[in-house]
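Here the structure is a predicted model, which is why all the values come from computation and not from measurement. Residue numbering restarts at 1 for every chain, and letters A, B, ... go by the order of the sequence lines.
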Amino acid sequence: MKDKKLELGVSGEKMVENREKYVGNKENGIYVSTMRTKEKQEEKKVGKRMKRIVESEEESSSSEKTKKSLKKSKKMNKKENIKTIECDSEYFNTGNENLYREKPTFTLDQNMINNYEKNKSMTKEMVNSIREKKSKKILKSKQSNNLKNETSENIEIKKEIDEKSIKTEKKLKKKHKSQEKELNSEELKNEESLRSKEEEEDYKWWEQQQGDGTIKWKTLEHNGVLFPPPYEPLPSYVKMKYKGEPISLPPEAEEVAGFFGAILSSEQYVKNPTFQKNFFHDFQETCKKTNAPVIPEKFEYCDFTPMFEYFEKKKEEKKNKSKEEKKKIKEEKDALEEKYKYCFLDGRKEKVGNFRIEPPGLFRGRGDHPKTGKLKTRVVPEQVIINIGKDSVIPSPPPGHNWKEVRHDNTVTWLATWNENVNNNVKYVFLSAGSSLKGQSDLKKYEKARELKLYIDNIRKQYRKELEDKLMEVRQRATAMYLIDLFALRAGNEKGEDEADTVGCCSLRYEHISLSPPNTVVFDFLGKDSIRYYNEVQVDPQVFKNLKIFKRSPKTEGDMLFDRLNTSKLNNHLTSLMPGLSAKVFRTHNASYTMSEQLKNTPKDASISDKVLAYNRANRMVAILCNHQRTISKTHSAQMERIEDKILALKYQKIRLRKAILTLDPKLEKSRPDLSEAVSDIDEDWIKEHQKVLIEKEYDKIKRKFQKDNEKLISQNETPMPESRLEKFLEKINEMKEEFKIENEKGRVESKTRGITIEKLDLQIKKINERIHQMKALMIDKDQNKTTALGTSKINYIDPRLTYAWCAKYGVNIERVFTKTLREKFAWAASTTADWEF
DNA sequence: TTATTCACTTAGAAAGCCCCCC
DNA sequence: GGGGGGCTTTCTAAGTGAATAA
């Protein structure tokens, strides 16, 4: 098999190797980092200040401003007794071109250039006037309580939805008149085409001209959000135990205990001390608040297993329900949800994404999140803000409740929002991934990533030059850009103390990289979702030198590597290089570029499966580049073993076929040494063991068939076969045993096929070799995929037009690589032709 | 300049479902 | 035909980055 080298950035192949190195150490899918202590934080602050002083001296020669800062720093040094250190002024030779991946060659789509020019011509005044409109439009409105009652609504949903599209169309026409004044002529053109398109079932927004994107909709109708059902207390015989005794709890406290009891089998949370501590604190609080007869004092005395067992029993019962029952339950659920599933955006029916309000539960923060396990309380309508069209019917809140607010803001895409209590994060209800709004922003994102190709050469030239800049801030920025560009690192915003300690490029700390001369850098840190990023790479000598400076004493563990940089500064600079450029654009660009390069390795004359395999391989390269990981499935090793067994069985078949050839023509032993060659992984002992298994299997098979046939005869009121018949069938077993005996002792295998020839046997060996090869490839593929998640890059980073173009070019059905949801999400890319390039 | 807010994208885990093999 | 494995979908946590407030 040809060994294909990666063309990922600096050292994609190395990265695959590096991934393998640490993969085995992962526990529960999460790496736990060492917690920063308060002292460390204090140290960090002092360190930061010291660093500023160091650099201000270094930069002193360049400007008036820096002279002042030098004075200031010297003053401070005197005061705080801190030594200043000079910046290393010797330079290494730069220009290690190998470190850069090949310069991309591409043809630029005329459409893209047009769009870009149009964007440029969008004046500031226009933006301001839209903003002004936006602020005026955010008005609080009174809620309408005179809506139809809910039950009748449920029954008439379908009718209602059909009627609505007609209604909305009428409304839209009315509204157009009043809006005309506000729209510029281009937008008006969009309107016209929109209106004509409304009659069509599938609205192809990508065939229309798009506005600047500030106004997200003109009319918006929806039915609000679906609240989770109220808590149903457990049967009285199900009680948690405290100090070994069952205790009764008020429903509210019982619910919280149940949240913990329900997840007893998921060790990664239940065994986590922070999770336990946070849960227990909130559980105690709930008990106190609800005047529970027993207020648990120690977590250790709590036993939630009765609850756990009850939930498991319920699950089992649900699973064992008949098909009809299950169908009925699903239908009821669907009917309840139907009205929330869709909304009308500018009169067109669109799918809503997460219309369900998140149910209460325990916050499952990842990694070392300090708040993991805390109680996520039930959300009430009074917390929820509804965003809806001005003239639309306002959905009624659940009986006896009110919405927090009803807004009519058409500059945003959310339908509802609320604040979650644990981290005070804002939650939104958005449209689904397949909606026109999401599609438009996806297209925009990929076009931006493609646009970067126009600028990338100059950007690289510039940051390479700036790697040697005298201003520390500039040098840090250039180094960070190098890392983001080559290793697809995330920007790395700063995080709070009450969050998990994870980092990205700008927030890298002293301990996250280690340097070994001449130019090897080892990255080892926890990134988004506390997923470990480990990569050993060779970098540009100047980058190595810079990193060494950024790590220089007095910096130590806990100190920022890029103490002069943050994401805001970095992105400001990036925008000045290309409109709309930010750190994340590099990641998209890098991923799609890698994919397009990797797809070029697809074999042209191979089978569809082989082509799909090549696609997945390319996909995996992107996933590795972006460090998209998943936990190894529980069944992985069993799966691997099974494939291995199949390979061995095939190898054994091969051995038998060879023996059959030699049995036909013993003279061939000398002229064809390949027929007596040893086969790897197989020895005599294994063969004997395998033969035993084969005999057992055959025995079971015959017996099962006999039983089944008899059952059939009985059901047809016919006489079943006597046991003697089975004996007769089982004679085959003896024949097999005899065959194996001759094979093992004399090396003879008689082929049972009539008219068998050596040519035919050779052909069979060839086919078996092919199957072994396929199996091995599958095994390698599976093993390499065990910790790599391909989905994330497919959904978020790889331009779907690459996939559609690839399918067209290689004659592969899109269904082989995109699921239904993905095809919906990327409908805008479906008509991409084979010659399209990223 | 820095911190906060807001709106959105990106992410892995868990749940759900479907299909293949015994 | 049913049980389980694996693929797909759903869920919601955790990022990014622009705008705004202090």
Would you say [X] places a side-chain N or O within less than 4.0 Å of OP1 or OP2 belonging to [N]?
X        : N      : result
A:Thr413 : B:dC8  : yes
A:Arg356 : C:dC11 : yes
A:Thr821 : C:dT9  : yes
A:Thr631 : B:dA13 : yes
A:Ser582 : C:dT16 : no
A:His369 : C:dA13 : no
A:His628 : B:dA11 : yes
A:Lys528 : B:dG12 : no

I want to confirm an ordering. Mapping A:Lys333 and A:Lys646 to their closest nucleotides on DNA chain B, which one lands closer to the 5' end?
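Result of the comparison: A:Lys333.
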If each of A:Tyr446 and A:Trp414 is mapped to the nucleotide of DNA chain B with the nearest heavy atom, which maps nearer the 5' terminus, i.e. the 5' end?
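The residue whose closest nucleotide sits nearer the 5' end is A:Trp414.
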Going through the checks in order, is the side-chain hydrogen bond (donor to acceptor under 3.5 Å, both in side chains) test met by A:Asp783 and A:His636?
CA-CA 8 Å; A:Asp783 200 51; A:His636 177 77; 3.2 Å; yes
Under 3.5 Å, is there any donor-acceptor pair linking the side chain of A:Lys445 to the base of B:dT9?
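No.
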So if I take every side-chain heavy atom of [X] and compare against [options], which nucleotide ends up nearest?
X        : options                : value
A:Thr792 : C:dG17, C:dA13, B:dA11 : B:dA11
A:Lys318 : C:dA13, B:dG16, C:dT16 : B:dG16
A:Arg587 : C:dA13, B:dA11, B:dC8  : B:dA11
A:Lys584 : C:dG17, C:dA13, B:dG12 : C:dG17
A:Ala491 : B:dA14, B:dT9, C:dT16  : C:dT16

Classify [X] by what it touches in the nucleic acid, base, sugar-phosphate, or nothing, heavy-atom distance under 4.0 Å.
X        : answer
A:Gly365 : sugar-phosphate
A:Thr567 : nothing
A:Gly504 : nothing
A:Asn571 : sugar-phosphate
A:Lys825 : nothing
A:Lys330 : sugar-phosphate
A:Lys216 : sugar-phosphate
A:Phe430 : base

Tell me the interatomic distance from [X], atom [atom1], to [N], atom [atom2], rounded to whole angstroms.
X        : N      : atom1 : atom2 : result
A:Lys794 : C:dT9  : NZ    : P     : 11 Å
A:Asn421 : C:dT12 : CG    : C1'   : 14 Å
A:Leu526 : C:dA14 : CG    : C1'   : 14 Å
A:Asn796 : C:dT16 : CG    : P     : 14 Å
A:Asn572 : C:dG17 : CG    : C1'   : 10 Å
A:Glu824 : C:dT8  : CD    : C1'   : 12 Å
A:Leu437 : B:dC8  : CG    : P     : 9 Å

Any donor-acceptor pair under 3.5 Å linking the side chain of A:Trp217 with the backbone of A:Val412?
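Yes; at least one donor-acceptor contact below 3.5 Å.
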If the threshold is 4.0 Å, N to carboxylate O, is there a salt bridge linking A:Glu331 and A:Lys328?
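No.
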Donor on one side chain, acceptor on other, A:Gln440 and A:Asp442, under 3.5 Å:
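Judged by distance alone, the side chains do not pair up.
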Least distance between heavy atoms, A:Cys506 atom then A:Gly492 atom
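Closest approach of A:Cys506 to A:Gly492, heavy atoms only: CB-O, 3.6 Å.
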Using the rule given for side chain to side chain contact (heavy atoms under 4.5 Å, CB included), can you reason through A:Asn278 versus A:Phe363, listing the C-alpha separation, both sets of side-chain angles and the distance that settles it, and then say yes or no?
CA-CA 9 Å; A:Asn278 285 331; A:Phe363 170 66; over 6 Å; no
